[in-house]
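First up is the structure itself, then whatever we jot down about it.
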Amino acid sequence: MRLARGSYLKNLFEKFSGKRRKSHLYEKPWKINSVDQCNFYHSTDIPGVGLVEGQWDLREGFDEYLGHYDFTGKRVLEIGPATGFLTFQVEKAASEVVAVELPMDRRFWNAVPYEKLGLARGRDEGWTEVEKQFHEHIGRIRNGFWFCHEKFGSHARIYHGSAENLPATLGEFDVVILASILLHSRSPVSILESCARLVSDTIIITEIHDEALGEGPLCSLVPTAGNNAWDTWWRFTPRFFTQFLEVLGFTEHKVTFHRQLADKTPLNMFTIVSSRSPE
């Protein structure tokens, strides 16, 4: 029987909040039976299903998107897998992939606090219509991840928690992937600091390239009173990241520029592969 909208959202909220937080570190795989239960962020050729189309199509640009990094035998941390296209591609070579997803409650989600959209209200008040629609959409994207997880026979694991406070119990990783994630974060440097504590070698960052920002260590605030960009905070220069990564001890950089298909339109991107200096 189909749940009423209110019941669906209540169950979705409780699934990701402390009310139903599991004692083990990783999320137990969900059983998702049909693509009709899913939204797909990435266009993906799913075994036994065929092509599903998403907002991003990285099938031809995968290697460029992640800086041509060799994941062979690496333990990989991925922040924000969405429907998992990168997860399952990386897993073909990596020894293990652990992906991090935010809990879907108001304490962690980094929505820009627009007053006119009701997003500036107190956190103890009810969800706004914007949040309800967004969280329902994200819930279906996560269904898409688990649907693909089963179809690909994946062993990747999901940790639900804040990327700004990753626990040491996740262990050490060779490399972390932050692909089109930091623009959505209130505090991108906090996420980088948190990841750096767990990563022994390399940080990979991919973001939109805005040539108008120049070459200095800059980030530009995206939201204005008029554009309602409630889900996006920043545009960055590559140097913004390389300068801060050097502070964190990642001093060897490879920066590349490429174009990727977003909503079937080529979009200018940059990728940084930054590593700790050899001892």
Hey, what do you get for [atom1] ([X]) to [atom2] ([Y]), rounding to the nearest 0.5 Å?
| X | Y | atom1 | atom2 | answer |
| --- | --- | --- | --- | --- |
| H184 | I79 | NE2 | CD1 | 14.0 Å |
| L178 | C195 | CG | SG | 5.0 Å |
| L58 | D63 | CG | CG | 11.0 Å |
| L192 | I205 | CG | CD1 | 4.5 Å |
| F257 | N268 | CZ | CG | 10.0 Å |
| E193 | L166 | CD | CG | 11.0 Å |

Plane angle bin for [Y] and [X] - parallel if under 30°, tilted between 30 and 60°, otherwise perpendicular:
| X | Y | value |
| --- | --- | --- |
| H160 | W30 | tilted |
| F40 | F147 | perpendicular |
| F88 | H149 | perpendicular |
| F85 | F62 | perpendicular |
| Y69 | F71 | perpendicular |

Find out if a path of hydrophobic residues (ILVMFWY) with successive side-chain heavy-atom gaps under 4.5 Å connects [X] to [Y].
| X | Y | value |
| --- | --- | --- |
| L213 | V189 | no |
| F240 | L248 | yes |
| L182 | L221 | yes |

Does [Y] offer a backbone N or O that forms a donor-acceptor pair with the side chain of [X] under 3.5 Å?
| X | Y | answer |
| --- | --- | --- |
| T83 | Y41 | yes |
| S95 | K74 | yes |
| R239 | G214 | no |
| N227 | V222 | yes |
| Q260 | G61 | yes |
| S200 | F173 | yes |
| Y65 | R59 | no |
| R197 | P167 | no |
| T44 | H42 | yes |
| K254 | G67 | yes |

Could you walk me through whether I208 and L267 pass side chain to side chain contact (heavy atoms under 4.5 Å, CB included), step by step? CA-CA 7 Å; I208 294 170; L267 186 64; 3.9 Å; yes
[X] side chain near [Y] side chain, heavy-atom distance below 4.5 Å:
| X | Y | result |
| --- | --- | --- |
| L261 | P266 | yes |
| I32 | E150 | no |
| L183 | W233 | no |
| F244 | P188 | no |
| I204 | V175 | yes |

Are R259 and E60 close enough for a salt bridge, meaning some N to O gap below 4.0 Å?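 Salt bridge between R259 and E60, a charged N being under 4.0 Å from a carboxylate O: no.
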Can you tell whether the side chains of K132 and E136 come within less than 4.0 Å, N to carboxylate O?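 E136 and K132: not salt-bridged.
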Pick from E96, E101, E91, E78: which one makes a salt bridge (Lys or Arg N to Asp or Glu O under 4.0 Å) with R157?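 The passing option is E96.
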Are F134 and W230, when compared by the centres of their aromatic rings, separated by less than 6.0 Å?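 Ring centroids of F134 and W230 are less than 6.0 Å from each other.
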Assert yes or no for the condition that the ring centre distance of F145 to F152 is strictly below 6.0 Å.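 No, too far apart.
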Check [X] against [Y] and note the closest heavy-atom contact, atom names and distance.
| X | Y | value |
| --- | --- | --- |
| T202 | S275 | OG1-OG, 3.0 Å |
| F250 | V199 | CZ-O, 4.0 Å |
| I272 | P238 | CD1-O, 3.5 Å |
| W146 | P29 | CZ3-CA, 3.5 Å |
| P81 | T87 | CB-OG1, 3.4 Å |
| H209 | E211 | CE1-CG, 3.4 Å |

Within the supplied structure, the quantity of interest is the number of heavy atoms (other residues, nucleotides, ligands) at a distance under 6.0 Å from E246 CD; does it exceed 12?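 Counting neighbours around CD of E246, more than 12 heavy atoms of other residues, nucleotides or ligands fall under 6.0 Å, so yes.
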Heavy atoms of other groups near K116 NZ, more than 12 under 6.0 Å: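 Counting neighbours around NZ of K116, more than 12 heavy atoms of other residues, nucleotides or ligands fall under 6.0 Å, so yes.
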Show your working on side chain to side chain contact (heavy atoms under 4.5 Å, CB included) between L218 and F236 and close with a plain yes or no. CA-CA 6 Å; L218 302 176; F236 307 97; over 6 Å; no
Decide side chain to side chain contact (heavy atoms under 4.5 Å, CB included) for T128 and L117; before the verdict, give the C-alpha distance in whole Å, the side-chain angles of both, and the deciding distance to 0.1 Å. CA-CA 8 Å; T128 67; L117 298 178; over 6 Å; no
Tell me, with the steps shown, if N228 and Y114 meet side chain to side chain contact (heavy atoms under 4.5 Å, CB included). CA-CA 7 Å; N228 289 344; Y114 275 94; 4.1 Å; yes
Distance-only donor-acceptor check, side chains T271 and T206, under 3.5 Å: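 Per modelled atom types, T271 and T206 side chains form a pair under 3.5 Å.
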For T265 and D263, test the side chains for any donor-to-acceptor distance below 3.5 angstrom and give the result as yes or no.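 No, D263 and T265 have no side-chain donor paired with an acceptor closer than 3.5 Å.
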